[in-house]
Structures are given as structure tokens and as C-alpha cells.
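These numbers were taken from a predicted model, which means no experiment stands behind them.
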Amino acid sequence: MLHVTNSIDPVENVFARDVVGGLSADVKTLPSRWLYDERGSALFEEITRQDEYYLTRAETSILRERGRHIADFVESGAILIEYGAGAGVKTELVLAGLRNPRGYVPIDIAAPFLAETSKRIASRFPSLWVRPVERNFLDVFEVPFDSCYGGRTGFFPGSTMGNLDAIEAKTLLTQMGRHLGDDGRATIGVDLQKSVDMLLRAYDDSAGVTAAFNLNLLERINTELGGDFRLEQFEHAARWNEIDKAVEMHLVSLCDQRVTICGRTFNFRTSETIHTESSRKYTAESFEQLARSGGWRVAEAWQDADRLFGLFGLIRY
């Protein structure tokens, strides 16, 4: 039972505004959401399979080993709403463990991945109604429920919460509260603080997949906005920000150069960077504080055996 809700604004216009605005700033930056076009989304899935990228393995182990506890927390007959669904691989584990789930609402900005994920889930769980929503999950929008009744649970796996700054995270948590209602629940994954060396290796793998993922953003600008970036004149770098407790991804200019996009010219100095992503790392205490800022409290907390990753069950307060 599959029906697509397409309510996204024209991507090209928003993309161009973000790129021109970000590269015009004194410190050049680009929103991380634009990393995830079709090729970027595929590259990210490849990143999750790299030896250095422990996050997916750690979270998957929690979903497998604590599946019964998670199902008890979600309750029977739930509607699962996933923010930033991507390939939805972990979603299958969750849905398979739930008792009588009624519906699934995947939300994602990458249309090809959203369509593929929705069809696969609908095929594997034929009794489940599936309502994909093609949107940036930070936008203000409604989620479709038709006449299907049941408790609502938000699902936000991976470490995407760490990509959001404090204002964005509070915005998302507040919106989840609106979507899920006063009795709603949420299950959110966050990467936990650990050695800086381990963190940096996870964002700069030896096979160069993360580098290709980051550089693909420049290729996307060239293709969609007529830019003239020369990718060989930039390189990927992962850096630790001790103040924000975050791994930052940058694209570093290897020489003095000039780039033209949308009729605008941007100058780069040697070693100047474009900041493309921040991945904040939490402790259990700092995440609980964040959750409270958006109207939630931590009711359950699960970690993998090595305490690398945390999955938190939230309820409204």
C-alpha cells in the first residue's frame, strides 16, 4: 500500500541560494544536507561499510540485541515515522521486531533513495501502509496518517542528530513533538564521545570513500548550478573541534584559485576551506539536556557492548 506525497520546493532554487550565501560568507560553509544527492547518498551507504566507520555496526548491534526492549518501548500497533530515512536498512530491523506495526512514514530529501526504500519496505511488510514524504525534515510540514489509528513513534537513527546545531536540533525535536503528539515516543541514535583518533579515522577512511563523498558536493554544484570547480584542486579533511565536541568535514583549497557559480565569482586562498559538515558527539548527560530543550525526556537508554554509540528512547514531558 504505497502512496507518494511530493511537497518539496524546487531544489535548484534553494540549493543555489544556500551555495551562493555560504560561499559569500567570511568563513565559507555549505549545509550538510546538500551532500545527499543520489550519488552522495550511495557513497554514504558505502562509507557505512568501511572498517573505520564503527557507527553503523555499533547501532545495528543495539537494534539486534535490544530489539525486544525497543519493541516494548514503542508499544504494539505503532506508526513509525522516520526522519532522514536514507536506505532504511536499520528500519527493517526495527519493523521486523515491532508488534503489529500499522504504518511507516519515511521522510527524506533524496527522492531516488526515498522511492527505493519505500517500495522495498512495502514489499517486505505487505500489511503495512507506507506514506513517503519528500521533504527536508527541518522544514515545517504535516505527515499523512489517513484514517489509520495507532501510537506514533519517531525514529531518527544514525548520527544525523549530531549534524544539527543546537537551534536545528531543538527545531527538529519540537517538530517531532508536533507530529507525534503528547503520547508520542521517539527513538534517537547519537554517537558518543570517545578518542579523537578513532573519531577522525571514521571520517577519513583509508579507502577514500568519505573524501569522494565530500568532493561530490563540488561536482553537484558544477552539474546543477553550472559551477567550474576543479575537484583536483581541493582535498577532503576531517578535523576535531574541541569546543563543540564535533568532527568537522572540510574541503581544502590546494592553491589560490577562482570559481564561478550562478554568475558570481568566489576567490579561494591556499589552505582556505569550505566547512561542509559538523558531527557533534554526546555524552548521555549532554544528550538528555538537548532532548529536554525540545520538550522530551529520556525514558530508556541503550548502548552497544563497547559503549561507542547510544540509542535513546524519549517520551514527552
Determine whether more than 12 heavy atoms belonging to other residues, nucleotides or ligands lie under 6.0 Å from atom CD of E38. no
Side-chain donor-acceptor pair present, T91, E82, cut-off under 3.5 Å: yes
With distance as the sole criterion, is a donor-acceptor pair present between the side chains of D228 and N222 under 3.5 Å? no
Do T171 and T174 get their side chains close enough for a donor-acceptor pair, meaning under 3.5 Å? no
Step by step, work out the side-chain hydrogen bond (donor to acceptor under 3.5 Å, both in side chains) result for N163 and S32. CA-CA 8 Å; N163 299 145; S32 61; 5.0 Å; no
Regarding D108 and Y36, do their side chains bring together a donor and an acceptor under 3.5 Å, going by distance alone? no
Decide whether Q175 and R178 meet the rule of one side-chain donor and one side-chain acceptor closer than 3.5 Å. yes
Look at the side chain of Q257 and the backbone N and O of Q233, then say whether any donor-acceptor pair between them is shorter than 3.5 Å. yes
Evaluate E219 against R39 for salt bridge (charged side-chain N to carboxylate O under 4.0 Å, His left out), listing each step before the verdict. CA-CA 10 Å; E219 182 63 40; R39 182 167 185 264; over 6 Å; no
Under 6.0 Å between the ring centres of Y317 and W296? no
Identify the two heavy atoms, one from K28 and one from N267, that lie closest to each other, and give their separation to 0.1 Å. NZ-O, 3.2 Å
Taking the six-membered ring of F266, is NZ or CZ of R258 closer than 6.0 Å to its centre and within 45° of its axis? no
Between R33 and D18, is there a side-chain N and carboxylate O pair less than 4.0 Å apart? yes
Between F213 and H236, is the gap from one ring center to the other below 6.0 Å? no
Checking side-chain polar atoms at under 3.5 Å, does R264 have a donor or acceptor matched by the opposite partner on S24? yes
Is there a side-chain contact between W240 and E242, using heavy atoms and a 4.5 Å cut-off? yes
Run through E52, Q50, M249, R201 and flag the one making a side chain to side chain contact (heavy atoms under 4.5 Å, CB included) with T210. M249
Establish, from distance only, whether the side-chain atoms of D304 and S61 form a donor-acceptor pair under 3.5 Å. no
Answer with yes or no after comparing the ring centroid distance for F137 and F156 against a 6.0 Å cut-off, counting only values under it. yes
Between D256 and R269, does at least one N-O distance fall below 4.0 Å, as a salt bridge requires? no
Is the distance between the ring centroids of F125 and Y104 under 6.0 Å? no
Using the rule given for salt bridge (charged side-chain N to carboxylate O under 4.0 Å, His left out), can you reason through E288 versus R297, listing the C-alpha separation, both sets of side-chain angles and the distance that settles it, and then say yes or no? CA-CA 7 Å; E288 183 164 10; R297 69 176 179 87; over 6 Å; no
